[in-house]
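Right, one structure below, let's go through it.
When reading the values below, keep in mind they use all heavy atoms of this one structure, side chains included, and skip hydrogens, waters and symmetry mates. Per chain, numbering begins at 1; letters A, B, ... match sequence-line order. Computed from a predicted model, the values in this text were never measured in an experiment.
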There are 2 protein chains.
Amino acid sequence: MTPKNEEQFKKIRDQRQQELRRSAIQMFSQKGFAAAKISDITSHANLSHGLFYHYFTSKEELYIEVIQEILADFIELVEEANELQKSSLGKMEWLTDATHSGSIREGVYRHILILQALYSDHLNEPVKLEIVALYKRAVDGIATIIQEGQQEGHFIEGDPEELATYHLALAHGLLLWNARTDSPIELSTEKVLRQLKRSGNGGMCQ
Amino acid sequence: MTPKNEEQFKKIRDQRQQELRRSAIQMFSQKGFAAAKISDITSHANLSHGLFYHYFTSKEELYIEVIQEILADFIELVEEANELQKSSLGKMEWLTDATHSGSIREGVYRHILILQALYSDHLNEPVKLEIVALYKRAVDGIATIIQEGQQEGHFIEGDPEELATYHLALAHGLLLWNARTDSPIELSTEKVLRQLKRSGNGGMCQ
DNA sequence: GTCTATACGACGATAGAC
DNA sequence: GTCTATCGTCGTATAGAC
């Protein structure tokens, strides 16, 4: 009960929580919310299933918590890109790089979870609306960069938000593709941005 | 037991099977395999849950059957595109149109199922390998069209299979996006093909 | 803080009546 | 061909020992 011990305990608690959360992200991502069992999550972290409830109140609560955390990180990333001292093209390149890197697999798990949360049915309406709102903030942030790029003349014309949607569709589609194969598969930022750039297809204009 | 009656029975049987299969596709797509309950499938078709097992031997069997059927249809579509008397660009336009139309929602459900099958974990290895092989046939078919288009000078340079992957990533990403929103959202074939076409971004070359 | 044992509910699948 | 009733299993969540 000395302060010293309490700190030790807190350290262990935090570590276990993080291990379980990390494991949960992977299991949710690979199996989906319904199919990912508590025992999958705990055993992947080499802990007993009973311990799960020492750290979280329910599977669903953890799921929601994790999704929101991931989305918050993604929004932060987009905002970070917006604040860079770079051209809009440079910002998009930085953002695309950052999205597709980040210890590879880990990042893929997290993004797949975003997709699951957006496209599946097991969340109740209020939570789902909140998720969608968070996602929209990310889209808006990207749209801002694109709009800027249009003014600079680097990007093609069109509704910025729609273009942002197309960009994310491609980026997410490629993330999924990458998740499926064991081979690393090189993801070229340039190729992802190809569809945005103005007459930029390899500079093959005439 | 007269022939007449047998025909009637067969007709009913076929109809019920189709209703259940249709319902299953929607439920699997919206909820995922694990979360889609037998009772969800049957009640959505206004039938009792017991009846399910009169028509199918198990949930998993139906799931696999449905996935393979959908993939076979997709492959057929791609091959059909390949055989058209059109330019490669015309073929891609036709294919993209066909993929994104088809009673809208129905088509979306089916494509989401493809994604689920490819990216989830609940299929055993042999089945999964078969699914992947089927999908590869579709990708190859698209790559063939793209290669043709490169020779005609309509499409940008690059490995055809990789470009096909990018194309499908975008197409799938947009399908998902469309699945999420209640609003119809216009999907422009031209915009989807934008990333493939050579210096074709609105014809803004100089 | 971590574990094992157990209560309880849900769902896939079957049996049998109509 | 369709339904309701039921079994058996599995998974979430809890209780309590260490």
Side-chain angles (χ1 to χ4, degrees), chain A residues 1-24 26-28 30-66 120-124, chain B residues 1-28 30-66 120-124 127:
Chain A
M1 291 299 179
T2 75
K4 185 106 182 184
N5 277 343
E6 284 213 5
E7 265 184 42
Q8 293 286 352
F9 282 147
K10 176 168 169 32
K11 204 169 166 184
I12 292 181
R13 274 206 309 277
D14 288 353
Q15 189 178 337
R16 289 283 174 274
Q17 264 222 358
Q18 190 137 353
E19 284 166 9
L20 284 171
R21 189 177 273 112
R22 192 190 195 78
S23 173
Q26 180 171 347
M27 292 300 116
F28 285 149
Q30 288 181 335
K31 296 168 180 280
F33 173 75
K37 294 174 277 191
I38 302 286
S39 58
D40 288 331
I41 297 171
T42 50
S43 70
H44 185 261
N46 291 316
L47 296 169
S48 72
H49 59 277
L51 197 57
F52 180 90
Y53 294 93
H54 191 74
Y55 288 103
F56 307 100
T57 64
S58 77
K59 187 168 99 163
E60 184 171 2
E61 189 231 43
L62 173 59
Y63 182 73
I64 295 173
E65 186 185 315
V66 152
S120 294
D121 245 16
H122 46 262
L123 297 167
N124 47 23
Chain B
M1 291 301 180
T2 76
K4 185 106 185 186
N5 276 345
E6 285 214 7
E7 265 184 42
Q8 292 287 355
F9 281 147
K10 177 168 169 30
K11 204 171 166 183
I12 291 181
R13 272 206 310 278
D14 287 352
Q15 190 177 336
R16 288 283 174 275
Q17 264 221 359
Q18 191 138 353
E19 284 166 8
L20 283 172
R21 190 178 270 109
R22 192 190 197 77
S23 174
I25 289 176
Q26 181 172 346
M27 292 301 115
F28 284 150
Q30 289 181 335
K31 297 166 179 281
F33 173 74
K37 295 173 276 191
I38 301 287
S39 57
D40 289 331
I41 296 171
T42 51
S43 68
H44 185 260
N46 291 316
L47 296 168
S48 71
H49 60 275
L51 198 56
F52 180 91
Y53 294 93
H54 191 74
Y55 289 103
F56 307 99
T57 64
S58 77
K59 188 169 100 162
E60 184 171 2
E61 188 230 43
L62 173 59
Y63 182 73
I64 294 173
E65 187 185 316
V66 152
S120 293
D121 245 18
H122 46 262
L123 296 167
N124 47 23
V127 175

- [ ] Could you pull out all residues at least two apart from B:Glu65 that satisfy salt bridge (Lys or Arg N to Asp or Glu O under 4.0 Å)?
- [x] B:Arg21
Task: Separation of C:dG1 P from A:Glu7 CD (nearest whole Å) - done: 14 Å
Task: Footprint string (nucleotides 6-18 of chain D, 5' to 3'): B base within contact, S backbone only, - free, heavy atoms under 4.0 Å - done: -----SSBB----
TODO: Check whether any side-chain heavy atom of B:Phe28 sits under 4.5 Å from a side-chain heavy atom of B:Ile41, and report yes or no.
DONE: yes
TODO: In whole angstrom, give the distance that lies between atom NE2 of A:His54 and atom C1' of C:dG1.
DONE: 5 Å
- [ ] Would you check if B:Tyr53 and B:Ile38 make a side-chain contact, meaning some heavy-atom pair closer than 4.5 Å?
- [x] yes
Open item on the list: Using a heavy-atom cut-off of 4.0 Å across all strands, would you classify B:Phe56 as base, sugar-phosphate, or nothing?
Closed with: nothing
Task: Min side-chain heavy-atom separation B:Asp14-B:Gln18 under 4.5 Å - done: no
- [ ] Indicate whether OP1 or OP2 belonging to D:dT2 is found under 4.0 Å from a side-chain N or O atom of B:Arg16.
- [x] yes
Task: Atom pair distance, as rounded to whole Å: OH in B:Tyr55 and P in C:dA13 - done: 18 Å
Open item on the list: What I'd like to find out is whether the side chain of A:Leu123 reaches to under 4.5 Å of the side chain of A:Tyr63, using heavy atoms alone.
Closed with: yes
Open item on the list: Distance check needed: C:dT2 C1' versus A:Gln8 CD, whole Å only.
Closed with: 17 Å
Task: Touch class at under 4.0 angstrom, heavy-atom based, for B:Leu51 against every strand present - done: base
Task: Electrostatic pair A:Glu19-A:Arg16, nearest N-O below 4.0 angstrom - done: yes
Open item on the list: The side chain of A:Phe9 is closest to which nucleotide in this list: D:dG1, C:dC3, C:dG1?
Closed with: C:dG1
Task: For atom CD of A:Gln15 and atom C1' of C:dG1, their distance in whole Å - done: 13 Å
